[in-house]
Q: 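Take a look at this one; I'll ask things after.
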Number of protein chains: 2
Amino acid sequence: MQVALRIAYDGKEFHGFQRQENASTVQGVLEEAVGEVNGGGTTIRAAGRTDAGVHAFGQIACFWPRVRVPMDRWPMALNRLLPNGIWVHEARAVPADFHPIRSAICKHYRYRIRRDYTGMPFLGNFAWHLVEPLDIERMQRTLELLRGKCDFGAFQVSGRPVASTVRTMYHAGLREDKRGLSIDFVADGFLYKMVRSIVGTLVEVGRGRMGRSEVESAMRARDRSLMGPTAPPHGLYLVSVHYPTPSRGIIDEG
Amino acid sequence: MQVALRIAYDGKEFHGFQRQENASTVQGVLEEAVGEVNGGGTTIRAAGRTDAGVHAFGQIACFWPRVRVPMDRWPMALNRLLPNGIWVHEARAVPADFHPIRSAICKHYRYRIRRDYTGMPFLGNFAWHLVEPLDIERMQRTLELLRGKCDFGAFQVSGRPVASTVRTMYHAGLREDKRGLSIDFVADGFLYKMVRSIVGTLVEVGRGRMGRSEVESAMRARDRSLMGPTAPPHGLYLVSVHYPTPSRGIIDEG
């Protein structure tokens, strides 16, 4: 039996997820805290290696416990040891064959854009600030291209080769409220910097610099260079990771 | 004619308001930025010297301009120079005899208490987290003691002697919502650490460790040692400072 943790973190406080020498990373501080309770070095495996600056509400990380700690004590035991900027919200027992990536049905990412400076300076690291006019209608229509089973090769930043660039997007939606824009993506998997590439492209569409048909043909051509720039990391949140029951409970941020 | 700025800042990013050698303070970074635009050392005067860790939505700071900058350009000119954690929202011309403290009619402070850990780690530095039970009803009734013209000497932390400890509290209210508690105070003036002393005492009342009548007699005795501990600074916000028209426009955070 493994322990799966649901974790939130402020991306600004870490040099990305993956363990590094001489830099504070999410994996690094987690492995250190878990190791301290567990009585020795412990490797954790997570559902997604978020880039530097990217936030999480519901990252999932699991490990093998070597000590008897009641499941509901794990969060506070770890929160006491963890630095500012990261918080364990829940711990849950998951089966031995649970794998945070391979067992997942889908992941939910959200990108936040603020349309004015009212929340500054408090939101400076928590959204992309874009005060210029954007054609939301055009952005909405372009987003339709990304629903269902698609080849997202044109939204992949090179560097991490994958066998296939086809993913199924279960939900791709843009909401506007008084605080700005929230763009939500739920898919069975995401390519490297895919969400930020999509958002950067959508913003170009909103600015009138690209059209829906150009995005459509760039997708067909699988050409990253025809798409817009990569949106900055600090607007991006890993909201949740969904698993089949019975481990489903750890994932809903609500 | 002076320039008055409405400023927001994240108290965690600074060593308090007041200029210090070898430490980043709100006054220090503001005077540096204003001085850079103004072409030389410029002193700013503010409506309140908030302590280390205390936040502001609507701090007011004024200075004498020595260069011709259109009033609506001041905010962005300064925001470009200021570090993370501080933001100038508005600049407004105020008369030569304007004084950010002496011209003020009243100031509005808010103290935030979170009742659970749902917003962690993002709200760790932006509210006092108190997950134990609190008797809100008792806290409400005790707050009634603090309305109107009162001697707040019992809520003053020694260190800054003042001629009189009598202040007029125009509003003292506690609201509970799903995010936690907001305790608002609007008064014609505040003593040193007065809001945090009141909140620390109210929490003792909510915990059942003090009663309303004890608070009442401690107020009459003007004895700080009979009150509760000082609440931590990171739950406190200077919301706004109110001035008579025509400088009124700079103050409403809305």
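These numbers come from a predicted model, not from an experiment. Numbered from 1 within each chain, the chains take letters A, B, ... in sequence-line order.
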Q: Starting at CD1 of B/I7, measure out to CE of A/M120 and round the result to the nearest 0.5 Å.
A: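 Between atom CD1 of B/I7 and atom CE of A/M120 there are 14.0 Å.
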Q: For residues 35-47 of chain B, pull every pair meeting side-chain hydrogen bond (donor to acceptor under 3.5 Å, both in side chains), keeping only residues two or more places apart or in separate chains.
A: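 Output for this query lists B/Q2-B/R45, B/N38-B/T42.
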Q: Sequence neighbours excluded, which residues qualify as ring-ring contact (aromatic ring centres under 6.0 Å, His included) partners of B/Y117?
A: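 Checked B/Y117 against ring-ring contact (aromatic ring centres under 6.0 Å, His included); matches are A/W87, B/H129.
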Q: For the CG atom on A/N84, are there more than 12 heavy atoms of other groups (residues, nucleotides or ligands in this structure) within a distance under 6.0 Å?
A: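 Open: at most 12 neighbouring heavy atoms sit under 6.0 Å from CG of A/N84.
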Q: Chain A: which of B/G124, B/A8, B/P121 shares the most heavy-atom pairs with it under 4.5 Å?
A: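 If we count pairs closer than 4.5 Å to chain A, B/P121 comes out on top.
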Q: Find the distance between CZ (A/F122) and CG (B/N125) and round it off to the nearest 0.5 Å.
A: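 These two atoms lie 11.0 Å from each other.
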Q: Take atom CG in A/D135; do more than 12 heavy atoms of anything else shown fall under 6.0 Å from it?
A: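 It does: A/D135 CG has more than 12 such atoms within range.
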Q: Spell out the residues in residues 9-32 of chain A that have some non-hydrogen atom less than 4.5 Å away from a non-hydrogen atom of chain B, in order of number; otherwise answer 'none'.
A: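 Within residues 9-32 of chain A, the residues under 4.5 Å from chain B are A/Y9, A/D10.
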Q: Where on A/N79 is there a heavy atom nearer than 4.5 Å to chain B: the side chain, the backbone, both, or neither?
A: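 Answer is neither: A/N79 stays 4.5 Å or more from chain B.
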Q: Counting only heavy atoms from other residues, nucleotides and ligands, does the tally under 6.0 Å from CZ of B/R207 exceed 12?
A: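 Yes, because the 6.0 Å sphere around CZ of B/R207 holds more than 12 heavy atoms from other groups.
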Q: Tell me if the CZ atom of A/R73 is crowded by more than 12 foreign heavy atoms within 6.0 Å.
A: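 Not buried by this count: 12 neighbours or fewer within 6.0 Å.
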Q: With sequence neighbours excluded, what pairs up with B/R115 under the side-chain hydrogen bond (donor to acceptor under 3.5 Å, both in side chains) test?
A: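 Partners of B/R115 by the side-chain hydrogen bond (donor to acceptor under 3.5 Å, both in side chains) criterion come out as none, since no residue qualifies.
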